[in-house]
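One structure is given here, and the rest of the page talks about it.
The structure displayed is predicted, hence computed values, not measured ones. Quick note on labels: first sequence line is chain A, next is B, and so on, each numbered from 1.
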There are 2 protein chains.
Amino acid sequence: MFPKLDPILHSELRLAVISLLAGVESADFTYIKQQTGATAGNLSVQLDKLSAAGYITVEKGFKGKMPRTTCTLTPAGLEAFRKYIDALKEYISH
Amino acid sequence: MFPKLDPILHSELRLAVISLLAGVESADFTYIKQQTGATAGNLSVQLDKLSAAGYITVEKGFKGKMPRTTCTLTPAGLEAFRKYIDALKEYISH
DNA sequence: ATAAACAAGTTTATATTATAAACCAAATTA
DNA sequence: TAATTTGGTTTATAATATAAACTTGTTTAT
């Protein structure tokens with residue numbers, strides 16, 4: 001009746017990150033931080049978890065001389081997001 | 001852009017409880033336990049939190065000689081549920 | 001009548017999670 | 001060149017979820 005909600009996605013910040021990435025090709029750390037309003041520390045930790053789950057890829061490079069971390073949603077991440085939304089609907093539509 | 005999700009409702013079990021109660025007049029502990037698959041201990045704790053938040057009322061009585069705990073959604077609980085759903089949509093529809 | 005098993009929970013302890021605070025290295029600006 | 005800013009990471013703390021153990025009383029079997 002109430003399907004299990006993917007614990008990786010059932011987190012305010014991680015869900016926001018995935019939602020954000022679902023709409024763009026990729027986004028960098030600073031942009032995600034701005035859009036979500038998260039602190040850098042929290043964001044760093046949550047990006048690690050999403051990355052460890054295989055839901056995003058995190059690429060580190062440089063833009064000019066400044067470090068730049070770019071995140072991209074993986075197919076697995078998109079699929080998990082879709083499943084999470086479907087599961088949620090079981091909770092909110094009854 | 002990403003509204004804050006009510007932390008009282010952003011919990012798998014508490015959300016299931018509210019979702020369940022939103023569809024009926026009231027439900028007792030055992031029924032909620034069965035429907036959600038929760039352990040008694042977990043359910044007890046989460047019902048306390050929902051009650052403390054004013055989202056449900058918890059009435060203790062007896063059915064025959066056996067104790068019976070009945071839970072009912074309050075107007076505040078229903079309103080919070082509605083707001084939570086609206087907030088969620090901001091996350092899942094972009 | 002008494003022991004064993006069951007019902008309906010609560011309390012307490014533990015594991016996990018989220019969050020913030022402190023820190024670091026390099027780049028930029030005053 | 002000293003102070004500030006950028007772009008983060010690491011570590012510590014607070015909050016949460018969950019399960020295990022316990023309590024109180026009832027029913028059933030002996």
L73(B) CG to L78(B) CG distance, which is reported to the nearest 0.5 Å: 5.5 Å

Does the side chain of R14(A) get closer than 4.0 angstrom to OP1 or OP2 of dA18(C) through an N or O atom? yes

Nearest whole angstrom, please: distance from the C1' of dA19(D) to the CG of L13(B). 13 Å

Atom CG in L47(B), atom CD1 in I32(B): separation rounded to 0.5 Å? 5.5 Å

Straight-line distance of L5(B) CG to S11(B) OG, nearest 0.5 Å: 12.5 Å

Pick the nucleotide of DNA chain C nearest each of G41(B) and N42(A); which residue has the one closer to the 5' end? G41(B)

Considering residues, nucleotides and ligands other than R68(A), do more than 12 of their heavy atoms fall under 6.0 Å from its CZ? yes

Separation of atom CD in E12(B) from atom C1' in dA17(D), rounded to whole Å: 10 Å

If you measure from SG on C71(A) to NZ on K60(A), what distance do you get to the nearest 0.5 Å? 8.0 Å

Over the length of the helix from dA1(C)-dT30(D) to dA30(C)-dT1(D), how much do the five-pair end axes diverge, rounded to 10 degrees? 10°

In whole Å, what is the span from the CG atom of D28(A) to the C1' atom of dG8(D)? 12 Å

At under 4.0 Å, does any side-chain N or O of S11(A) touch on OP1 or OP2 of dA18(C)? yes

At what distance, to the nearest 0.5 angstrom, does CD1 of I92(A) lie from CD1 of I18(B)? 14.0 Å

Please determine whether the number of non-hydrogen atoms from other residues, nucleotides or ligands lying under 6.0 Å from atom NZ of K4(A) exceeds 12. yes

What's the closest nucleotide to the side chain of F29(A) if the choices are dG8(D), dT10(C), dT17(C)? dG8(D)

Could you check how far CG of L43(B) sits from C1' of dA19(D), rounded to whole Å? 14 Å

If you only use heavy atoms from C-beta on, which nucleotide in dG8(D), dT19(C), dA17(D) is closest to the side chain of Q46(A)? dT19(C)

I8(B) has an atom CD1; how far is it from atom C1' of dA15(D), in whole Å? 11 Å

Can you list, in residue-number order, the parts of residues 47-73 of chain B that come under 4.0 Å of DNA chain D, counting heavy atoms only? K49(B), K65(B), M66(B)

Single hit among T30(A), L43(A), V58(A) for side chain to side chain contact (heavy atoms under 4.5 Å, CB included) with T69(A): V58(A)

Let's see if you can work this out: which of dA17(D), dG7(D), dT9(D) has an atom nearest to the side-chain heavy atoms of S44(A)? dT9(D)

Describe, in one word, how the ring planes of H10(A) and H10(B) are oriented to each other, choosing from parallel (under 30°), tilted (30 to 60°) and perpendicular (over 60°). parallel

With respect to the phosphate group of dG7(D), does any side-chain polar atom (N or O) of T30(A) fall under 4.0 Å of OP1 or OP2? yes

Between P on dA17(D) and NZ on K4(A), what's the gap in Å once rounded to a whole number? 12 Å

Using 0.5 Å steps for rounding, measure from the OH atom of Y91(B) to the CD1 atom of I85(A). 13.5 Å

Within this structure, what is the NE2-to-P distance between H10(B) and dA18(C), rounded to whole angstrom? 8 Å

The nucleotide from dT12(C), dT9(D), dT11(D) with an atom nearest the side chain of V45(B) is dT12(C)

